Amino acid sequence: MCGIVGYVGERSALDVVMGGLRRLEYRGYDSGGVALINDGKITSAKKAGKLVNLDKELQAHPLPLSHTGIGHTRWATHGAPNDRNAHPHLDADGRIAVVHNGIIENFAELRAKLEAAGHEMLSDTDTETVAHLLHDELLHTPDLSDAVRAVCLQLEGAFTLVIADANHPDVVVGARRNSPLVVGRGKGENFLGSDVSAFIDYTRDAIELGQDQVVTITPEDIVVTDFHGNQVETRDYHVDWDVSAAEKGGYDWFMLKEIAEQPQAVADTLLGRYSAEGSLQLDEMRLSDEELREVDKIIVIACGTAMYAGLVAKYAIEHWTRIPCEVELASEFRYRDPIIDRSTLVVAISQSGETMDTLMAVRYAREQHARVLSICNTNGSTIPRESDAVIYTHAGPEVAVASTKGFLSQIVACYLLGLYLAQVRGMKYGDEIARIMTQLEQLPEAIQRMLDEGEHVRELARELSASKSILFLGRHAGYPVALEGALKLKELAYIHAEGFAAGELKHGPIALIEDGLPVFVVVPPKGRDQLRDKVVSNIQEVRARGALTIVLAEDDDEEVAKYADRLIRLPKVPTLFQPLVATVPLQIFACEFAAELGHDVDQPRNLAKSVTVE
Ligand code: AGP
């Protein structure tokens, strides 16, 4: 997720673009850059790191006054977060400047064709291919908007593109597919932005661009077409958010926004991982297939929610690869004298990539000659840099301390690793992998349904907000869901919340059950009858002792309904994937519960987003 701004009008384009980028910096802060049009040429500046670095660059090397410009704050997906990979990217003649948000799924193939035709790429990004494609298109399509439309038809994946062309000094063109772009309508000026916070200081009249649309803005005009040039009707709306709400996309909390972004985060993490030839490709995998075939044990190390993601993934990884997979708290791992060697694959899961407990465990594992693969959401952070290989999740920046989209995308990345291991070790045929990938690609829709049905969960949270203790039960892949649900609630609501393996109840925890005690229970899919029946028995056990049972169960599981004081319906998904839908109502519950108590949902007491101390 990156921040994008475009401007044409009478003001200083640099002032407008930089101001917009500062509003958008929460969307990405790996690098920043601007491109302006002056006297028939592009002038630009870009720097790795936060925008303050770009500010310093611009103070040291001022750009001439311009009234047309574009800008970008980057959240790196393809290519490390450095100056070279910072946007904007230019074509070889320095005439076209492009900024981009998203993932161009077929960029490797496009890049290969461009390089074969003599184009020299200066960066590792997928974005740069667009600048070179536009260069070639403009050789025979003089109109910039036509050229942008022709190039968009060649791209696959998710993209928001904003383009400036030195030969069209008072025009900026934008295009979008599966990634947001809004238009700000001014008087004698017009704006483009990733969201309205980019231009809310200048206008509150906006147009949401639709799927597969191209917008051309000049100081006086806004024209929107589809990718084939057919003009389309637009819907203007007035933004009544304040700036802070705009940065949260209109949500009260970043956490709510990030919960809502989960379908896209899962879809983006899956994007570009499965080739047309029917094989998995993890482009950041720097361990050879031979090395992966030598792996005889996997140890997942992580903390908190990331560790629970590993616990969920363990079931799939062992089922698909038959490699023993242990999941350990990073803070415990290196003190127990673990049995690891060259054949051990240590998988470090970390959203921030800076958690010191996990980093120290990675360093220990490497000292013991284990191979280390990290699953991380922050490109270029310390843990991936110190790993042998990395699979980046593409969830975009996660601002709220309580991890949500990070969790779901970590699970999906672990599934990709398990499938990749199964593929290189011959445990799964291509058609089996294709079937599983198809099931995974259907999950965003199932997750979206849980979001759409969230209101009754919020009502439940308000109803139970006086509770001082809440338990969570689950079995198999539902057990880590119970742990995660409890962690969300305790870190946000500051009450006693505890997750248990449902089978453990009778070994002690059932003593906690008392009249009216809320107990969430995640019921396995009906396809797992024996497992499911045991959980239904557990529900009866706690209910018989007075618990208020809040049951999460599949749509068509009618039998369990009679034991549920409150029922949260789940879409039917394969057992191994149920955590991705069952977790969502627990996130919503914890968020609403904390808000009802008047807590700061995004910044819970005593906690930090990244724990960089041991
Ligand atoms: C999750 O809601 C917490 N914020 C915390 O448990 C977090 O998951 C843990 O600190 C690990 O962080 P990381 O993924 O950045 O390594």
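Side chains are part of it too, since the values below use all heavy atoms of this structure and drop only hydrogens, waters and symmetry mates. Here the structure is a predicted model, which means the values were calculated and not measured. Start at 1 and go down the list; that is how both ligands and their atoms are numbered.
- If you check which protein heavy atom lies closest to atom 4 (N) of ligand 1, you get V401 O, 2.8 Å.
- With a 4.0 Å cut-off on non-hydrogen atoms, E354 does not touch ligand 1 at all.
- Between the side chains of Q587 and Q262, at least one donor N or O lies within less than 3.5 Å of an accepting N or O.
- Annotation for ligand 1: atoms under 4.0 Å from non-hydrogen atoms of A306 are 8 (O), 14 (O).
- Under a 4.0 Å criterion applied to the non-hydrogen atoms of A402, ligand 1 contributes the atoms 2 (O).
- Contact detail for A422 and T321: the closest heavy-atom pair is N-CG2, 3.9 Å.
- At the top of the distance list for atom 16 (O) of ligand 1, counting protein heavy atoms only, stands T355 OG1, 2.5 Å.
- With contacts defined as side-chain heavy-atom distances shorter than 4.5 Å, the pair L416/Y274 does not qualify.
- The C303 neighbourhood of ligand 1 comprises atoms 8 (O), 9 (C), 11 (C), with distances under 4.0 Å to a heavy atom of that residue.
- Less than 4.0 angstrom separates some heavy atom of G304 from each of these atoms of ligand 1: 6 (O).
- Among the atoms of T358, none of the N or O lies under 3.5 angstrom from an N or O of ligand 1.
- Taking the six-membered ring where the residue is Trp, F472 and F520 present parallel rings, their angle staying beneath 30° rather than reaching 60°.
- For atom 8 (O) of ligand 1, the nearest non-hydrogen atom of the protein is T305 N, 3.2 Å.
- In this structure, the protein non-hydrogen atom closest to atom 15 (O) of ligand 1 is S352 OG, 2.7 Å.
- For the pair V300/E328, no side-chain contact is recorded, criterion being any heavy-atom separation below 4.5 Å from C-beta on.
- Between F333 and Y364, the angle of the ring planes goes over 60°, which puts this pair in the perpendicular group of the 30/60° scheme.
- The shortest N or O to N or O distance between L487 and ligand 1 is not under 3.5 Å.
- Between V327 and I299 the shortest side-chain heavy-atom distance does not fall below 4.5 Å.
- Partner of T305 under the side-chain hydrogen bond (donor to acceptor under 3.5 Å, both in side chains) criterion, out of K488, Q351, Q410, E491: K488 alone.
- When hydrogens are left out, the protein atom nearest atom 2 (O) of ligand 1 is E491 OE2, 2.5 Å; that is the closest non-hydrogen contact.
- Listed by number with element, the atoms of ligand 1 under 4.0 angstrom from any heavy atom of Q351 are 13 (P), 14 (O), 15 (O), 16 (O).
- Near S403, meaning under 4.0 Å from one of its heavy atoms, ligand 1 places the atoms 1 (C), 2 (O).
- For the residue pair T549/D565, the side-chain donor-acceptor check at 3.5 Å is satisfied.
- Within the 4.5 Å cutoff, no side-chain heavy atoms of T393 are placed close to those of V412.
- Looking at atom 10 (O) of ligand 1, its nearest protein heavy atom turns out to be V611 CG2, 4.2 Å.
- Contact analysis puts K488 in contact with ligand 1, with a non-hydrogen atom separation below 4.0 angstrom.
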